[in-house]
2 protein chains.
Amino acid sequence: MNDDLVIFPKATISRLPLYFRALSDYHHVGMQFVSSEEMAAKVGITSSQLRKDLSYFGGLGIRGTGYDVSYLLAKIKDVLGMNHPRRLAIIGAGKLGTALAGYKGFPQHGLEVKALFDIDETKIGWQFGEIAIYHISALKKLKNELKLDIATIAVPADAAQQVTEVVVEAGFKAIWNFAPVRLKVPEDVYVRYEDLVVGVLMLSHHLTRTSR
Amino acid sequence: MNDDLVIFPKATISRLPLYFRALSDYHHVGMQFVSSEEMAAKVGITSSQLRKDLSYFGGLGIRGTGYDVSYLLAKIKDVLGMNHPRRLAIIGAGKLGTALAGYKGFPQHGLEVKALFDIDETKIGWQFGEIAIYHISALKKLKNELKLDIATIAVPADAAQQVTEVVVEAGFKAIWNFAPVRLKVPEDVYVRYEDLVVGVLMLSHHLTRTSR
DNA sequence: ATATACTTGTGAAAAATATCACAAGGATGA
DNA sequence: TCATCCTTGTGATATTTTTCACAAGTATAT
């Protein structure tokens, strides 16, 4: 509520999950304080970059001692919106969708997959542990019932825009898109593009550069 | 062989896959030329950024006309090392590993998943279409036999470093790591970190910033 | 031919990000 | 208390990336 108007650089935000995990580990083994040097080594960046990132929070380290693990953890959680849980809908109950639904890493980051959606009638009703597969026509209703925040698009490229329209219609303001296409959405809907192929092709590029 | 010593900025490389896909679409419908304006709109960036990116290739557009779709496609393939196919090993035949193994998008990018590896004896021998699951102890042998280029690490975080050692020992120089930990590797091994949680937490952050 | 419309390529400027380097705060021990 | 050792926070600088703006090349129509 009183929360500062500090704008975090995007690059910083993208590293906060790394810090979060490192701190979780430290917390787990009962460490109270950690220096920027030590933590930076753990996550694989320079200590000055870590300090610069944390400086946007506004001086929460203690000179000569380091950072209070629990305190910093809480601050990062706050900024990443991990305090009240985020509820995910996954559209597309194929290989990728179901793999995401079962991903063990989500809960420890305050993320809950609450429902899968598909158009394939033969899949409807299937249950993955707690998570059921619904027909996509039920999206709007279930968004409200289950208080879904984020729509994950895990359908083939040629169905993505169509699905997006349903998602927008249902009232989602945040979309996590795995389909390799640009989505047309209203101004107030935020889309995050996840492109698996980019990573591996950057590796491939690297191999061509080094191996001859 | 004679290939220029041009260094492509990392940011540019990361966009080449987008261009590749857009161009593939154009090619598919028989378009011969495309302007930076049109293509930029399709991939969701500015035309000047696209032109700047393509300028590193060294002037392959035609003023007043645009870029030759087939020619540009070939150039991009070349830079991304998509000419001779990249062969992937996937270590970890869990949800993520098998989802990756079945990912339809790989072949059209010159990527071939050739083998899955696991330690779980009960999984060994299983066959996913063309792709079999082997015991990880066979990694080195199969790397040579199947000419594997890239090792994909899709195991739990606490097994990742151990698996990495086996991968390095087997002679891989490129690692695509999905485990949320920093890997210790020799200088000449290139690691690309893929962190799914980053994307969704950035969405989560965005939601906290806008919704109050 | 010439005028007009279109589009690239690229220097220059701006913005974002990362690194440096060190003053100053705090801990520790004699 | 004082000297010494650590570690943060941050201005200043360097690097990377993006955007701007326009000269110059090409096509097209008359």
Side-chain angles (χ1 to χ4, degrees), chain A residues 4 6-19 22-23 26 31-73 75-76 79 193 198 202 205-206 209, chain B residues 4 6-19 22-23 26 31-73 75-76 79 193 198 202 205-206 209:
Chain A
D4 5 32
V6 190
I7 303 286
F8 287 76
K10 283 200 195 66
T12 296
I13 295 292
S14 74
R15 282 186 293 266
L16 294 186
L18 305 186
Y19 305 158
L23 289 164
Y26 292 137
M31 249 173 98
Q32 286 224 19
F33 293 93
V34 65
S35 72
S36 59
E37 198 70 53
E38 175 165 358
M39 188 166 150
K42 179 168 170 114
V43 303
I45 60 171
T46 64
S47 66
S48 63
Q49 179 162 67
L50 174 53
R51 287 200 302 280
K52 184 66 110 180
D53 281 342
L54 297 185
S55 76
Y56 295 106
F57 288 88
L60 33 68
I62 303 161
R63 297 176 187 211
T65 302
Y67 296 87
D68 182 311
V69 171
S70 304
Y71 188 64
L72 183 50
L73 204 46
K75 284 290 187 184
I76 289 179
V79 170
Y193 293 87
V198 169
M202 286 181 83
H205 164 75
H206 179 82
R209 286 252 131 250
Chain B
D4 4 32
V6 191
I7 303 285
F8 286 76
K10 283 200 195 68
T12 296
I13 295 291
S14 74
R15 281 185 295 265
L16 293 186
L18 305 186
Y19 305 159
L23 289 164
Y26 292 136
M31 249 174 97
Q32 286 222 20
F33 293 93
V34 65
S35 73
S36 60
E37 198 70 52
E38 175 165 358
M39 189 166 150
K42 180 170 169 111
V43 305
I45 60 171
T46 64
S47 65
S48 63
Q49 179 162 67
L50 174 52
R51 287 200 301 281
K52 183 65 107 182
D53 281 342
L54 298 184
S55 76
Y56 295 107
F57 287 88
L60 33 68
I62 302 163
R63 297 176 187 212
T65 303
Y67 297 86
D68 182 311
V69 171
S70 304
Y71 187 63
L72 184 49
L73 204 46
K75 283 291 187 183
I76 290 179
V79 170
Y193 293 87
V198 169
M202 286 182 83
H205 164 75
H206 179 82
R209 287 252 134 249

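Keep in mind that this is a model prediction, so the values were computed, not measured.
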A:T46 has its side chain closest, among C:dT19, D:dT7, C:dT7, to C:dT19
Starting from the 5' end of DNA chain C, give me the residue, B:S55 or B:G64, whose nearest nucleotide shows up first. B:G64
To the nearest angstrom, the CD-P distance between B:Q49 and C:dT8 comes to 15 Å
Kindly give the heavy-atom pair with the smallest separation between A:Y67 and A:S36, and that separation in Å. CE1-CB, 4.1 Å
Between A:K52 and A:G66, name the one whose nearest nucleotide on DNA chain D is closer to the 5' end. A:G66
Atom-to-atom span, CG of B:D53 to C1' of D:dT16 - whole angstrom: 13 Å
Nearest-Å distance for atom pair CE/P, residues B:M39 and C:dT7: 15 Å
Minimum-distance nucleotide (side-chain atoms of B:T65 versus D:dT17, D:dA27, C:dA21): D:dA27
Select base, sugar-phosphate, or nothing to describe what A:L50 touches, counting heavy atoms under 4.0 Å on all strands. nothing
Could you tell me how far apart A:I13 (CD1) and C:dA16 (P) are, to the nearest whole angstrom? 15 Å
Test B:S47 against B:R51 for side-chain contact (heavy atoms from CB on, under 4.5 Å), laying out the working first. CA-CA 6 Å; B:S47 65; B:R51 287 200 301 281; 3.3 Å; yes
Taking every non-hydrogen atom, the tightest pair across A:L16 and A:I76: O-CG2, 4.0 Å
Round to the nearest Å and state the distance from A:K10 atom NZ to C:dA15 atom P. 14 Å
Under 4.0 Å, heavy atoms only, any strand: does A:S36 hit a base, just the sugar-phosphate, or nothing? sugar-phosphate
OP1 or OP2 of C:dG9 versus the side-chain N and O atoms of B:Y67: is any pair under 4.0 Å? yes
Is the A:F57 ring parallel, tilted or perpendicular to the A:F8 ring (thresholds 30°, 60°)? perpendicular
Whole angstroms only, please: what is the CZ-P distance between B:R63 and D:dC22? 16 Å
Whole-Å distance, B:I45 CD1 to D:dC20 P, equals 13 Å
NZ or CZ of A:K42 within 45° of A:Y26 ring axis and under 6.0 Å: yes
How close or far is atom P of C:dT7 from atom CG of B:L60, stated in whole angstroms? 17 Å
Quick check on C:dC22: is either OP1 or OP2 less than 4.0 Å from any side-chain nitrogen or oxygen of A:R51? no
